[in-house]
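Remarks on the structure that follows.
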Amino acid sequence: MKNKQTTHPWWKTAVFYQIYPRSFCDSNNDGIGDIPGIISKLDYLKDLGINALWLSPVYKSPNTDFGYDVADYRSINPEYGTMADMEKLIAEAAKRDIKIIMDLVANHTSDEHEWFQKGRDPQSPHHDYYIWKEGKKDWRGKEVPPNNWASFFSGSAWTKDDTNGKYYLHLFAKKQPDLNYRNPKVIEEIKDIMRFWLDKGVAGFRCDVINLIYKKSFTDGKGNPFYIQGSEHYLSTAGGHRILKEIHREVLEPYGAFTVGETAGVNLRSAKRFVKNQLSTVFSFDHVSVDHWKAPTFRIKYQPEKLKAALLKWQRSGIWNTLFFENHDQPRSVSRFGDSKKYHAESGKMLATLLLTLPGTPFIYEGQEIGMTDPPARPAEDWKDIAAINTKRLLRSYGVPRSLAYRWASNVNRDNARTPMQWSNQKNGGFSKVDPWLPVNPNASHINVSASQNDPSSILNFYKQLIAFRQRTPAFLYGAMKVVNSGKNIFSYTRHYKNDTYLVVINMDDARRRSKIKFDGELLFSNYTADHDAQYLRPFEVRILKR
Ligand code: NOJ
Ligand code: CA
């Protein structure tokens, strides 16, 4: 696979790190992570070697979806600090050569946003900022929502507003009304918000569900067994592409801003359009949709070949890839693709190798660099994630037995990714002196930053070394990649630039595997220290060689 790009803007050689502010570091001991907490860890991040931060939302929000329900795009949620703290964070990061991108939640606002509060009144100029429709009558004459679209968080995507009797669209929670992108004023508002943050010195945006913004029609969705009901009316529409082009031309281009679009259910064709004068890059999700669900109760072991195929599909597409195995919506990757117990370090390093040696821009999610795992199950009454709570409620309303509904909804529980960062073996993992908003995983006793720093063979030190190596090795930054025929469940490729060639061999499986590869060259990295067999790879074994 040739990388045809000839220029290398900063974001192509950068390693990004995603912070979920609520769970990163609590500076004032109220149990909630905050911006001063992030500032206090900038040296840690610099030492890790990352170049840019993606901050999940820090705007004022009633926290139905923890910041993805924005009540004011220009103010900071007081739980996280003040605008002065935010400005200080941007300045302190810049001193360390770390750029910041903000989360731009443009598809919807909170129902507590002023626009929606005013817009409930059909006479208000803000009414048309949202999508309102009259209900329909069903065959019995009973009033039902305008169409059958489903919300990503379960149930109907429409809620009737008591004050005006109309239904408004919300593809997510009912406290997250969708904005109306047929209204040019909405587009102008979003451009202004972007300029506001770019003027403050941020380098760009991660654009939340940006391929959903423009709804092309409002008829019933066809029963869609593969994706959410109704999505054919709004996924990656021509109207959406047109709006992004306009925003690119008028805002992003003049500021030289970087964007990564969170493009739900995106295919290669649409992705290619998005990265042409619309967004810099996109996140695709094929590779994190490879789990096997043993219907309908629990997730079973994933198949390495499927993960490999999904990664290769995007590598072969010719577009610049983003690389990630975790974010605030996904299970922890060692728990999902590795073995969080028997091969914790081995599989954590295996995933680090994939992330940092494939072509593309890597995104590390907080805690991934120490191999944080999914936490033990908790009673449903204690869940915080609206997606999991709603899913369980809906299943129960269909008569699904309690224990089955619990296990089913547990699979989508995003609390798993959001337990606080494990800094030390002190109380609450050193995250806070008080009990945090979500309990710290008890394995913070041994999986934590400070223990990892002191252990030369930790996952953390592997990340550090591999990031540093990547940053000084052009073959890994922009060299061509060639797949090497390797055998089942093994992913192997070379990276090549000018006179340098490297071989990467990755056993993605938890079993010993025979490989057909000729391990010629000098061994630079491995997650096993000795006895490197010429034919066999141990569980999750990786090797990077210089040819
Ligand atoms: C995607 C975000 O990553 C997720 O956390 C959020 O709930 C939805 N978009 C809605 O904003
Ligand atoms: Ca705090």
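The residues of the chain are indexed from 1 along the displayed sequence. Each ligand, and each atom within it, is numbered from 1 in the order the structure gives.
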Measure the distance from atom 3 (O) of ligand 1 to every protein heavy atom, then report the residue, atom name and distance (to 0.1 Å) of the closest one. D329 OD2, 2.5 Å
Element-labelled atoms of ligand 1 that are located less than 4.0 Å from some non-hydrogen atom of R414: 4 (C), 5 (O), 6 (C), 7 (O)
The test is side-chain contact (heavy atoms from CB on, under 4.5 Å); show your working for T361 and N321 and say whether it passes. CA-CA 6 Å; T361 300; N321 277 220; over 6 Å; no
Identify, by atom number and element, the atoms of ligand 1 in contact range of H108, meaning under 4.0 Å from any of its heavy atoms. 10 (C), 11 (O)
Atoms in ligand 1 flagged as close to R418, the criterion being non-hydrogen separation under 4.0 Å: 5 (O)
For Q330, state whether at least one heavy atom is located under 4.0 Å from any atom of ligand 1. no
Closest to atom 6 (C) of ligand 1 among protein heavy atoms sits D65 OD2, 3.3 Å
Taking only non-hydrogen atoms of F153, do any sit less than 4.0 angstrom from ligand 1? yes
closest protein heavy atom to atom 9 (N) of ligand 1 is D208 OD1, 2.9 Å
K60 with E112: basic N within carboxylate O range, under 4.0 Å: no
Tell me, which N, O or S atom in D26 is closest to the Ca ion (ligand 2)? OD1
Residue pair K245 / E250, side-chain heavy-atom distance below 4.5 Å: no
State whether N28 contributes an N/O/S atom found under 3.0 Å from the Ca ion (ligand 2). yes
Are E326 and R336 close enough for a salt bridge, meaning some N to O gap below 4.0 Å? no
Is there side-chain contact between S236 and V266, with heavy atoms separated by less than 4.5 Å? yes
Is the distance between the ring centroids of Y168 and Y130 less than 6.0 Å? no
Checking distances from the Ca ion (ligand 2), one finds that the N, O or S atom of D34 closest to it is OD2
Measuring only between side-chain heavy atoms, which start at C-beta, is Q229 closer than 4.5 Å to W149? no
With a 4.0 Å cut-off, would you call R332 and D374 a salt bridge? no
For the Ca ion (ligand 2), the closest N/O/S atom belonging to D30: OD1
Strictly under 3.0 Å, is any N, O or S atom of G31 next to the Ca ion (ligand 2)? no
Please step through salt bridge (charged side-chain N to carboxylate O under 4.0 Å, His left out) for the pair E189 and K185, ending with a clear verdict. CA-CA 6 Å; E189 296 274 13; K185 282 194 199 132; over 6 Å; no
